[in-house]
Amino acid sequence: MTTAQTTELDVQPTPLALLLLGREADPKSERGVECPGDLPSPSDPDLVARARAAKEKLGDKVFVLGHHYQRDEVIQFADVTGDSFKLARDAAARPEAEYIVFCGVHFMAESADILTSDDQKVVLPDLAAGCSMADMATAEQVAECWDVLTEAGIAEQVVPVSYMNSSADIKAFTGKHGGTICTSSNAQKALEWAFEQGEPNSTKVLFLPDQHLGRNTAVRDMGMSLEDCVVYNPHKPNGGLTADQLRAAKMILWRGHCSVHGRFSLESVEDVRARIPGVNVLVHPECKHEVVAAADYVGSTEYIIKALEAAPAGSKWAIGTELNLVRRLANRFAPEGKEIVFLDKTVCFCSTMNRIDLPHLVWALESLAEGNLVNRIEVDKETEAFAKLALERMLALP
């Protein structure tokens with residue numbers, strides 16, 4: 001369990017004025033997605049100067065991490081950018097930095113705290129910056145699931161594999177039960193490792209918390225069938241599955257998903273192909289199986305960036321991932337004659353990721369510069385130990 005911890009410094013809560021987000025929402029969207037028709041307006045330009053001054057005052061004491069999905073006004077102050085795991089490792093490689101300011105969401109800051117030293121303090125500029133996918137699997141729900149697997153007589157055959165986009169509690173559960181963590185880049189290697197941990201024809205994987213990444217990796221990349229996969233729904237008795245269904249399955253997929261990537265549909269793919277002849281459709285593996293099957297290319301955030309870097313001038317691309325990154329890539333590669341559009345006609349961004357705006361970042365940096373530790377994310381030692389074990393298993397993957 002993680003909280004904003006009180007330490008010897010003067011720890012302040014996020015001011016109420018900074019807790020408000022956005023102007024409007026798409027009524028068809030779930031929590032975690034906002035569709036106002038455009039990106040949030042830039043913050044007060046004076047805040048740019050204040051952020052620079054505070055960061056300069058802190059010097060090497062602060063290291064700012066910026067996830068790819070952050071808005072431009074925030075990403076400009078990042079010392080490094082990347083996906084969640086790359087950023088957590090980058091933080092661990094900077095032991096001289098007393099403060100790690102993570103411009104991302106809660107589970108990312110937890111991972112950074114797990115991988116950094118006890119002397120380093122991880123700060124999340126807005127504690128309300130969560131992840132709807134990570135929230136779809138709680139420790140209590142997963143413990144109940146394990147009881148269901150035990151009653152079905154298969155728990156000893158099950159190896160948990162948890163996506164990086166999960167809470168520290170879920171990572172700890174995974175470590176405690178002999179499993180590993182994966183990213184969207186190494187999910188296949190993680191699953192191959194998991195199936196090697198037991199008997200070839202009886203080992204099963206409990207994949208948490210994103211059903212789509214688990215299904216797409218198993219079926220698209222490893223040649224399993226859709227019938228090899230069942231979906232465990234934590235809101236139904238026994239997950240909505242019979243003991244026979246659990247025993248027959250190879251992949252037990254948790255009923256979770258990314259609120260942003262889940263918006264992309266087969267209709268989105270068909271529509272963009274009709275509108276833009278010759279377009280290349282490139283999507284993240286968190287998208288639904290039918291979207292992934294209809295796409296030309298599928299890969300992680302880092303894969304998407306590298307694919308566009310290598311793309312020839314004049315090529316056309318429809319990208320199925322978070323809007324801030326798509327806009328940034330479109331602007332970056334426009335001078336090279338590459339046309340890059342958002343896959344969905346409805347303009348949506350991750351509203352929880354966008355909670356980290358310039359006002360929050362300035363408040364956090366200025367507070368640290370004044371000696372006040374704010375919004376610290378600290379994972380308790382027992383949770384950290386088991387979560388780190390699961391992460392280390394991932395690091396040991398070939």
Side-chain angles (χ1 to χ4, degrees), residues 28-30 33 83 133 136 161 163-165 182-192 194-195 204-233 245 248-308 310-311 315-323 325-326 329 339-346 348 350:
K28 296 182 181 179
S29 290
E30 61 187 283
V33 179
D83 60 18
M133 180 200 294
M136 290 177 189
V161 175
Y163 191 21
M164 193 72 182
N165 299 29
C182 75
T183 68
S184 52
S185 299
N186 68 7
Q188 181 175 347
K189 289 183 178 180
L191 288 182
E192 290 171 346
F195 282 112
K204 306 172 188 300
V205 166
L206 171 63
F207 195 90
L208 298 149
D210 179 27
Q211 60 171 307
H212 300 306
L213 177 62
R215 182 183 295 105
N216 289 328
T217 305
V219 176
R220 180 180 182 273
D221 301 328
M222 298 177 66
M224 295 186 204
S225 69
L226 290 173
E227 289 70 32
D228 290 325
C229 307
V230 295
V231 178
Y232 182 95
N233 185 343
Q245 286 176 312
K250 292 183 180 180
M251 293 286 294
I252 302 169
L253 307 170
W254 193 265
R255 191 175 182 271
H257 63 276
C258 170
S259 301
V260 172
H261 292 104
R263 283 190 61 95
F264 300 116
S265 65
L266 182 58
E267 182 183 2
S268 301
V269 178
E270 294 171 345
D271 176 77
V272 80
R273 291 197 191 282
R275 286 188 290 114
I276 308 175
V279 70
N280 297 283
V281 178
L282 170 56
V283 303
H284 195 282
E286 290 176 19
C287 292
K288 298 172 185 174
H289 182 67
E290 58 266 29
V291 174
V292 165
D296 299 302
Y297 303 94
V298 182
S300 66
T301 303
E302 296 291 342
Y303 173 90
I304 290 172
I305 295 171
K306 290 177 181 177
L308 293 176
S315 56
K316 302 174 183 179
W317 298 82
I319 311 299
T321 193
E322 208 276 339
L323 176 60
L325 176 60
V326 177
L329 293 172
E339 181 182 348
I340 298 171
V341 301
F342 191 57
L343 178 58
D344 194 355
K345 286 192 295 185
T346 303
C348 294
C350 178

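Side chains included, hydrogens not; waters and symmetry mates left out as well; all remaining heavy atoms used.
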Heavy-atom closest pair, residues [X] and [Y]:
| X | Y | result |
| --- | --- | --- |
| L253 | C229 | CD1-CB, 3.8 Å |
| E322 | C350 | OE2-N, 2.8 Å |
| I304 | H284 | CD1-N, 4.4 Å |
| A194 | V161 | CB-CG2, 3.7 Å |
| V291 | V269 | CG1-CG2, 4.1 Å |
| V298 | Y303 | O-CE2, 3.6 Å |

Evaluate the side-chain proximity of [Y] to [X]: yes if any heavy-atom separation is below 4.5 Å, no if none is.
| X | Y | result |
| --- | --- | --- |
| V292 | H212 | no |
| L308 | I319 | yes |
| M224 | M251 | yes |
| T301 | L325 | yes |
| D83 | M164 | no |
| M136 | R255 | no |

Original post:
Who pairs with D344 by salt bridge (Lys or Arg N to Asp or Glu O under 4.0 Å), at least two apart in sequence or on another chain?
Top reply: R263
Okay, side chain of [X], backbone of [Y]: is any donor-acceptor separation there less than 3.5 Å?
| X | Y | result |
| --- | --- | --- |
| N216 | P285 | yes |
| D271 | S268 | no |
| K204 | A249 | yes |

Calculate, to the nearest 0.5 Å, the distance between atoms [atom1] and [atom2] belonging to [X] and [Y] respectively.
| X | Y | atom1 | atom2 | result |
| --- | --- | --- | --- | --- |
| Q245 | I252 | CD | CD1 | 11.0 Å |
| E339 | I276 | CD | CD1 | 5.0 Å |
| W317 | L329 | CH2 | CG | 11.5 Å |
| C182 | K189 | SG | NZ | 12.5 Å |
| S315 | I340 | OG | CD1 | 7.5 Å |
| C287 | L266 | SG | CG | 12.0 Å |

Original post:
Should the pair F342 and F264 be assigned to parallel (<30°), tilted (30 to 60°) or perpendicular (>60°) ring geometry?
Top reply: perpendicular
Original post:
For L226 and H289, what are the C-alpha separation, side-chain angles and deciding distance, and is it a side chain to side chain contact (heavy atoms under 4.5 Å, CB included)?
Top reply: CA-CA 10 Å; L226 290 173; H289 182 67; 4.0 Å; yes
**OP:** Apply side chain to side chain contact (heavy atoms under 4.5 Å, CB included) to V279 and R273, showing your working.
**Re:** CA-CA 6 Å; V279 70; R273 291 197 191 282; 4.3 Å; yes
**OP:** Only pairs at least two apart or in different chains count here, so list each salt bridge (charged side-chain N to carboxylate O under 4.0 Å, His left out) that has a residue in residues 278-292.
**Re:** none
